[in-house]
Enquirer: 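Quick one: the structure is below, questions incoming.
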Amino acid sequence: ALLVQQTLTGRYQQAIATGCQALERLGVHIPDDRGAGLATELDRGRTLLGDRPIGSLLTLHTATSPEVSIAIRLLSRISPLSYIADPALCRLTTAMTVNLAFAHGHTPDSPFGYAFFGLLHSSALDSYQDAYEYGRLAMALADRNDDASQICKTTHAFCAFINHWCRHLREFDVINRRGFQAGVQS
């Protein structure tokens, strides 16, 4: 609740610090060396994914640990806050979000984590097809969960940062309209 309050009142740095402190209490450590931390998380993610296609992650089980669900929620809130304020932290927390889902299963906040992971792949890793696949996974998972808030956020991330690398712009309209309607519903 405090992180949300700080976000809504424009105190983004405080919200990021609050989120990081809460993660520490859950045993999730954000390393000071963001670059090394990201490299470690990306390696871990490749190991956890193995040779499975990205789309197959839709069949992952649901996480049963409340601590994992809370950690993924916190990470998925820190990532967009730090997108401008601390891009290295954004990339790191995004990778940490999906790795928790890979290891423990999906939570209601996983779709946005996958959407931001797609953003990471398109903007920092130049892996456009993987970005597209993670974006499609995010939208499919949000649809499956029938969560209007997640549909709104994932379609926005997909259209603004991912889809144009692999598909024609004319595909945006239908997806954007769906995201807009979901936003109005939520």
Enquirer: Say whether, by atom type as modelled, one donor and one acceptor occur between the side chain of H106 and the main chain of L57 under 3.5 angstrom.
Expert: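 Yes: the side chain of H106 pairs with the backbone of L57.
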
Enquirer: Does a side-chain heavy-atom distance below 4.5 Å link I30 with L23?
Expert: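 The answer is yes, as the side chains (C-beta and beyond) meet within the 4.5 Å cut-off.
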
Enquirer: Are Y134 and I162 linked, directly or through other ILVMFWY residues, by side chains that come within less than 4.5 angstrom of each other?
Expert: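 No; tracing contacts between hydrophobic side chains, which count when under 4.5 Å, never links both residues.
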
Enquirer: Can you name the nearest heavy-atom pair linking F102 to G45, along with the distance?
Expert: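 In this case the closest contact between F102 and G45 is CE1-O, 3.6 Å.
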
Enquirer: Roughly how far, to the nearest 0.5 Å, is the CZ atom of F161 from the NE2 atom of H156?
Expert: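 CZ of F161 is found 5.0 Å from NE2 of H156.
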
Enquirer: D109 and side-chain hydrogen bond (donor to acceptor under 3.5 Å, both in side chains): which single residue from R73, R77, K153 fits?
Expert: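 Per the side-chain hydrogen bond (donor to acceptor under 3.5 Å, both in side chains) rule, the option paired with D109 is R73, out of R73, R77, K153.
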
Enquirer: Does atom CZ (R52) have a neighbourhood of more than 12 heavy atoms from anything else shown, all under 6.0 Å?
Expert: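 Atom CZ in R52 is crowded, with more than 12 foreign heavy atoms closer than 6.0 Å.
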
Enquirer: Which distance, rounded to the nearest 0.5 Å, do you find between the CG of L49 and the CG of D51?
Expert: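 Taking CG in L49 and CG in D51, the distance rounds to 8.0 Å.
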
Enquirer: How close do L42 and A95 get, counting heavy atoms only, and between which atoms?
Expert: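 Looking at all heavy atoms of both residues, the closest pair is CD2-CB, 4.5 Å.
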
Enquirer: Does A115 offer a backbone N or O that forms a donor-acceptor pair with the side chain of T154 under 3.5 Å?
Expert: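 Flag not set: sc T154 to bb A115 has no pair under 3.5 Å.
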
Enquirer: If I compare all heavy atoms of I78 with all of C20, which pair ends up nearest, and what's the gap?
Expert: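 Of all heavy-atom pairs spanning I78 and C20, the closest is CD1-N, 3.7 Å.
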
Enquirer: Under a single-linkage definition using a 4.5 Å side-chain heavy-atom cutoff for Ile, Leu, Val, Met, Phe, Trp and Tyr, are L137 and I72 assigned to the same hydrophobic cluster?
Expert: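 Unlinked, L137 and I72 end up in two clusters.
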
Enquirer: Treating Ile, Leu, Val, Met, Phe, Trp and Tyr as nodes and any side-chain heavy-atom pair under 4.5 angstrom as an edge, say whether I16 and Y83 lie in one connected cluster.
Expert: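 No.
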
Enquirer: Measuring from D33:CG to L92:CG, what's the distance to the nearest 0.5 Å?
Expert: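 Going from CG on D33 over to CG on L92, the span is 9.5 Å.
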
Enquirer: So, for V68 and A63, which heavy atoms are closest and what is the spacing to 0.1 Å?
Expert: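 Looking at all heavy atoms of both residues, the shortest contact is CG1-CB, 4.2 Å.
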
Enquirer: For residues Q6 and Q14, report the shortest heavy-atom separation together with the two atoms involved.
Expert: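 Minimum heavy-atom contact is OE1-O, 3.2 Å.
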
Enquirer: So if you build clusters from Ile, Leu, Val, Met, Phe, Trp, Tyr with side-chain heavy-atom gaps below 4.5 Å, do F117 and L58 land together?
Expert: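 Linked within one cluster.
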
Enquirer: Within the structure provided, determine whether D147 and P111 are in side-chain contact (heavy-atom separation under 4.5 Å).
Expert: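 A side-chain contact under 4.5 Å is absent here.
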
Enquirer: I need the L81 CG to L3 CG distance, nearest 0.5 Å.
Expert: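 If I round to the nearest 0.5 Å, the distance is 6.0 Å.
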
Enquirer: If you apply the rule side chain to side chain donor-acceptor pair (under 3.5 Å), what do you find for Y128 with D126, and how did you get there?
Expert: CA-CA 6 Å; Y128 305 110; D126 298 331; 3.1 Å; yes

Enquirer: Test of understanding: with salt bridge (charged side-chain N to carboxylate O under 4.0 Å, His left out), list the residues that count as partners of R136, not counting sequence neighbours.
Expert: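 With sequence neighbours excluded, R136 shows a salt bridge (charged side-chain N to carboxylate O under 4.0 Å, His left out) to no residue whatsoever.
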
Enquirer: Sequence neighbours excluded and cut-off under 3.5 Å, please list the side-chain donor-acceptor pairs for residues 34-41, or say none.
Expert:
| from | atom 1 | to | atom 2 | distance (Å) |
| --- | --- | --- | --- | --- |
| R34 | NH1 | P31 | O | 2.7 |
| T40 | OG1 | A36 | O | 3.0 |
| E41 | OE1 | N99 | ND2 | 2.7 |

Enquirer: Mind telling me whether Y132 and F158 have parallel, tilted or perpendicular rings, with 30° and 60° as the class edges?
Expert: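 Plane angle between 30° and 60°, so tilted.
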
Enquirer: Does the S79 side chain pair with the main chain of S76, one donor and one acceptor, at a distance under 3.5 Å?
Expert: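 No; judged by distance alone, with no hydrogens or angles, the pair does not exist.
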
Enquirer: Without hydrogens or angle criteria, can the side chains of Q181 and Q185 be said to hold a donor-acceptor pair below 3.5 Å?
Expert: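 Judged by distance alone, the side chains do not pair up.
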
Enquirer: Just by modelled atom types, is the F116 backbone N or O under 3.5 Å from a matching donor or acceptor in the H121 side chain?
Expert: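 A pair under 3.5 Å: no.
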
Enquirer: Rounded to the nearest 0.5 Å, what's the gap from CD on E133 to OG on S127? Could you check?
Expert: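 The CD atom of E133 sits 10.0 Å away from the OG atom of S127.
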
Enquirer: In terms of hydrophobic clustering (I, L, V, M, F, W, Y; side-chain heavy atoms under 4.5 Å; direct or indirect links), are V4 and F112 co-clustered?
Expert: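 Looking at the clustering, F112 is in a separate group from V4.
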
Enquirer: CE of M96 to CZ of R44: how many Å apart, nearest 0.5 Å?
Expert: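 Answer rounded to 0.5 Å: 8.5 Å.
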
Enquirer: Do you know which two heavy atoms are closest between L141 and S110, and how far apart they sit?
Expert: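 Closest approach of L141 to S110, heavy atoms only: CD2-CB, 3.9 Å.
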
Enquirer: Mind running side chain to side chain contact (heavy atoms under 4.5 Å, CB included) on L74 and L26 for me, showing each step along the way?
Expert: CA-CA 10 Å; L74 288 167; L26 292 169; 3.9 Å; yes

